[in-house]
Amino acid sequence: MMNIIVVGLSHKTAPVEIRERVAFSPTDMGRPLHEMRALPAVVEAIIVSTCNRVELYAGSHDAEACVGQLKAFLAAYHGITPELLEEHLYDYQGEEAIRHVFRVASSLDSMVIGEPQILGQIKTAYGYATEHKTVGSVLNRFLHKAFSVAKRVRTETDIASNAVSVSFAAVELARKIFGSLDGKKVMLIGAGEMCELAARHFLNNGAASVMVTNRTLERAVKLAEEFQGQAVPFEEFPQHLHQVDIVLTSTGAPNFILGQEKMEEVIRQRKNKPMFLIDIAVPRDIDPKVNKIDNIYLYDVDDLQGVVQANLKERQKEAKKAEVIIDQEIGQFSRWLENRDVVPTIVALRKKFEDIRQGELSKTFSNLKDLGPKERQAIEALTAAIVNKMLHPPTSVLKRNQETASGSDYVDAVRTLFDLEIAPEEDDSEIS
């Protein structure tokens, strides 16, 4: 029976300096895929390589040999001693391997539970393997099942609905305040990475424009160009505050750059239209007293982290629902994997009986040389009918039970009773 094997490492088992050494280049996936496929115990091969994990998925008739060969291949291909790599590797086979890949595709094994990138990365890996013809019927069916499981998880749970990054938590809070971000204007005070990322999230969620200010004007101009926005000199930004709805600030200044008095003036200029202020600077850029002003909503980095932690707890709850879905899907796929042996078993059974029939006919006809064509034809038809009638019950039982939990037991029984040997080419697992 074909088995599914996983050998790999991830952010949970290996530091970045190990992960980067075993990463595969996306521009040269053909060579490692073909080398992996050429291993004696490997029938089908897929390589998943991301910044957080490197995993080898294989179909094999010899699980133990396959695991050893995959580990040796990973070490040899990247020029790492097997002893160094071994402590970081995990390996799974059978239902454990199925569960692992379903969990990875559903983002339950990710650094951030519910992130959507991993599914796309696995689809890309599957695309490379398809392009280089290293997948066959088992991994083809398996990966498509993993994709459908991931879709079920995202559809039937809220695992991806709560923001779990500080920058996106800011967008989520702003949406609660304004209802919609369509047409809203954003100002960045300081051009740090987190401000920049948050600004991208705001623009992607409907914000109309971005104004950028920074103590270094060149940096502000460069960032404003990226956002197709407007750069303003740092000393002039207070004059523009009334024009914007959302302010993100992260300057590294030792003292407050915005106080209560200034913001009271700004809100009057805005005729009390709401403003959302996000202060992700440490020390803080905005005096906390500003939060007392009506229609101004001020959040600092701790507030945002609180939102993130609450949302992470919600994702953990949804992850439990996802695990139930995965349990259901594992059972279905395992039954398919076990019972795909039905067809080659029936083929082998019929072949064995036909070989016996032809052998006995040959001996009979050699002893009855006076038989005419009609008699020979009648005996041929008679023996063929007998064989068909004898094979009908076991064949029917195998077909009838192939989708049940006991289907593999019937396959094993028939193979044992009739001493059947299933050749690999009969096992429906050739590379297509």
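Worth knowing before you read on, the calculation uses all heavy atoms, side chains too, and leaves out hydrogens, waters and symmetry mates.
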Under 3.5 Å, side chain of [X] to main-chain N/O of [Y], donor-acceptor pair present?
{"X": "Tyr128", "Y": "Pro26", "value": "yes"}
{"X": "Ser209", "Y": "Lys185", "value": "no"}
{"X": "Ser25", "Y": "Thr27", "value": "yes"}
{"X": "Thr395", "Y": "His392", "value": "no"}
{"X": "Asp285", "Y": "Asp279", "value": "no"}
{"X": "Ser106", "Y": "Arg103", "value": "no"}
{"X": "Asn52", "Y": "Ser10", "value": "no"}
{"X": "Arg152", "Y": "Thr157", "value": "no"}
{"X": "Thr13", "Y": "Leu89", "value": "no"}
{"X": "Arg53", "Y": "Asp109", "value": "yes"}

Within 6.0 Å of [atom1] in [X], more than 12 heavy atoms from elsewhere:
{"X": "Gln228", "atom1": "CD", "answer": "no"}
{"X": "Glu226", "atom1": "CD", "answer": "yes"}
{"X": "Lys71", "atom1": "NZ", "answer": "yes"}

Start with the C-alpha distance between Val42 and Thr134, add both sets of side-chain angles, then the distance that settles side chain to side chain contact (heavy atoms under 4.5 Å, CB included), and finish with yes or no. CA-CA 10 Å; Val42 174; Thr134 62; over 6 Å; no
Residue pair [X] / [Y], side-chain heavy-atom distance below 4.5 Å:
{"X": "Asp419", "Y": "Lys352", "result": "yes"}
{"X": "Leu371", "Y": "Ile379", "result": "yes"}
{"X": "Ile118", "Y": "Ile122", "result": "yes"}
{"X": "Asp158", "Y": "Glu314", "result": "no"}
{"X": "Arg200", "Y": "Phe227", "result": "yes"}
{"X": "Phe237", "Y": "Thr249", "result": "no"}
{"X": "Val54", "Y": "Ser49", "result": "yes"}
{"X": "Thr251", "Y": "Phe234", "result": "yes"}

Do [X] and [Y] have side-chain N/O donor and acceptor atoms under 3.5 Å apart?
{"X": "Gln332", "Y": "Gln328", "value": "no"}
{"X": "Arg415", "Y": "Thr345", "value": "yes"}
{"X": "His240", "Y": "Gln230", "value": "no"}

Report the C-alpha distance between Glu360 and Lys363 in whole Å, list the side-chain angles of each, state the deciding distance to 0.1 Å, and finish with yes or no for salt bridge (charged side-chain N to carboxylate O under 4.0 Å, His left out). CA-CA 5 Å; Glu360 293 304 313; Lys363 285 192 285 185; 3.3 Å; yes
So, do Tyr57 and Tyr92 have ring centers that fall under 6.0 Å from each other?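 Here the rings of Tyr92 and Tyr57 have centres that are no less than 6.0 Å from each other.
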Once the angle between the rings of His78 and Phe24 is folded into 0 to 90°, is it parallel (under 30°), tilted (30 to 60°) or perpendicular (over 60°)?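 Judged by the thresholds at 30° and 60°, the geometry between His78 and Phe24 is perpendicular.
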Parallel, tilted or perpendicular: which fits the ring planes of Phe147 and His144, with parallel below 30° and perpendicular above 60°?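 If you compare the ring of Phe147 with that of His144, the planes turn out perpendicular.
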Measuring from [X]:[atom1] to [Y]:[atom2], what's the distance to the nearest 0.5 Å?
{"X": "Glu44", "Y": "Leu33", "atom1": "CD", "atom2": "CG", "answer": "12.5 Å"}
{"X": "Ser148", "Y": "Glu329", "atom1": "OG", "atom2": "CD", "answer": "5.5 Å"}
{"X": "Asn140", "Y": "Thr130", "atom1": "CG", "atom2": "OG1", "answer": "6.5 Å"}
{"X": "Leu181", "Y": "Leu203", "atom1": "CG", "atom2": "CG", "answer": "10.0 Å"}
{"X": "Glu375", "Y": "Leu368", "atom1": "CD", "atom2": "CG", "answer": "10.5 Å"}
{"X": "His132", "Y": "Ile46", "atom1": "NE2", "atom2": "CD1", "answer": "12.5 Å"}

Go through Lys320 and Glu323 one step at a time and tell me if the salt bridge (charged side-chain N to carboxylate O under 4.0 Å, His left out) criterion holds. CA-CA 5 Å; Lys320 291 179 181 177; Glu323 298 285 6; over 6 Å; no
Applying the side chain to side chain contact (heavy atoms under 4.5 Å, CB included) criterion to Ile286, which one of Ile278, Leu277, Ile189 satisfies it?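 When side chain to side chain contact (heavy atoms under 4.5 Å, CB included) is applied between Ile286 and each of Ile278, Leu277, Ile189, only Leu277 qualifies.
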Among Val210, Leu248, Asp245, Leu188, whose side chain to side chain contact (heavy atoms under 4.5 Å, CB included) with Phe202 holds?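 Among Val210, Leu248, Asp245, Leu188, the one that satisfies the side chain to side chain contact (heavy atoms under 4.5 Å, CB included) with Phe202 is Leu248.
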Quick one, Ile386 with Leu382, criterion side chain to side chain contact (heavy atoms under 4.5 Å, CB included). Give me CA distance, side-chain angles, the key distance, then yes/no. CA-CA 6 Å; Ile386 291 171; Leu382 173 65; 4.1 Å; yes
Taking NZ, NE, NH1 and NH2 as the nitrogens, is one of them in Glu318 or Arg315 under 4.0 Å from a carboxylate oxygen of the other?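 No, no charged N to carboxylate O under 4.0 Å.
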Less than 4.0 angstrom from a charged side-chain N to a carboxylate O is my criterion; do Arg175 and Glu172 meet it?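 No, this pair does not count.
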Just jot down the salt bridge (charged side-chain N to carboxylate O under 4.0 Å, His left out) partners of Arg19, sequence neighbours excluded, or say none.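 Arg19: no salt bridge (charged side-chain N to carboxylate O under 4.0 Å, His left out) contacts found.
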With side chain to side chain contact (heavy atoms under 4.5 Å, CB included) as the test, would you mind laying out the steps for Lys321 and Ile325 before giving the verdict? CA-CA 7 Å; Lys321 297 179 187 176; Ile325 292 171; 5.7 Å; no
Summary of ring-ring contact (aromatic ring centres under 6.0 Å, His included) pairs that have at least one residue in residues 363-382, sequence neighbours excluded: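 Found none.
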Before giving the answer on side chain to side chain contact (heavy atoms under 4.5 Å, CB included), spell out for Tyr90 and Lys12 the whole-Å C-alpha distance, their side-chain angles and the decisive distance to 0.1 Å. CA-CA 10 Å; Tyr90 46 78; Lys12 293 182 176 180; over 6 Å; no
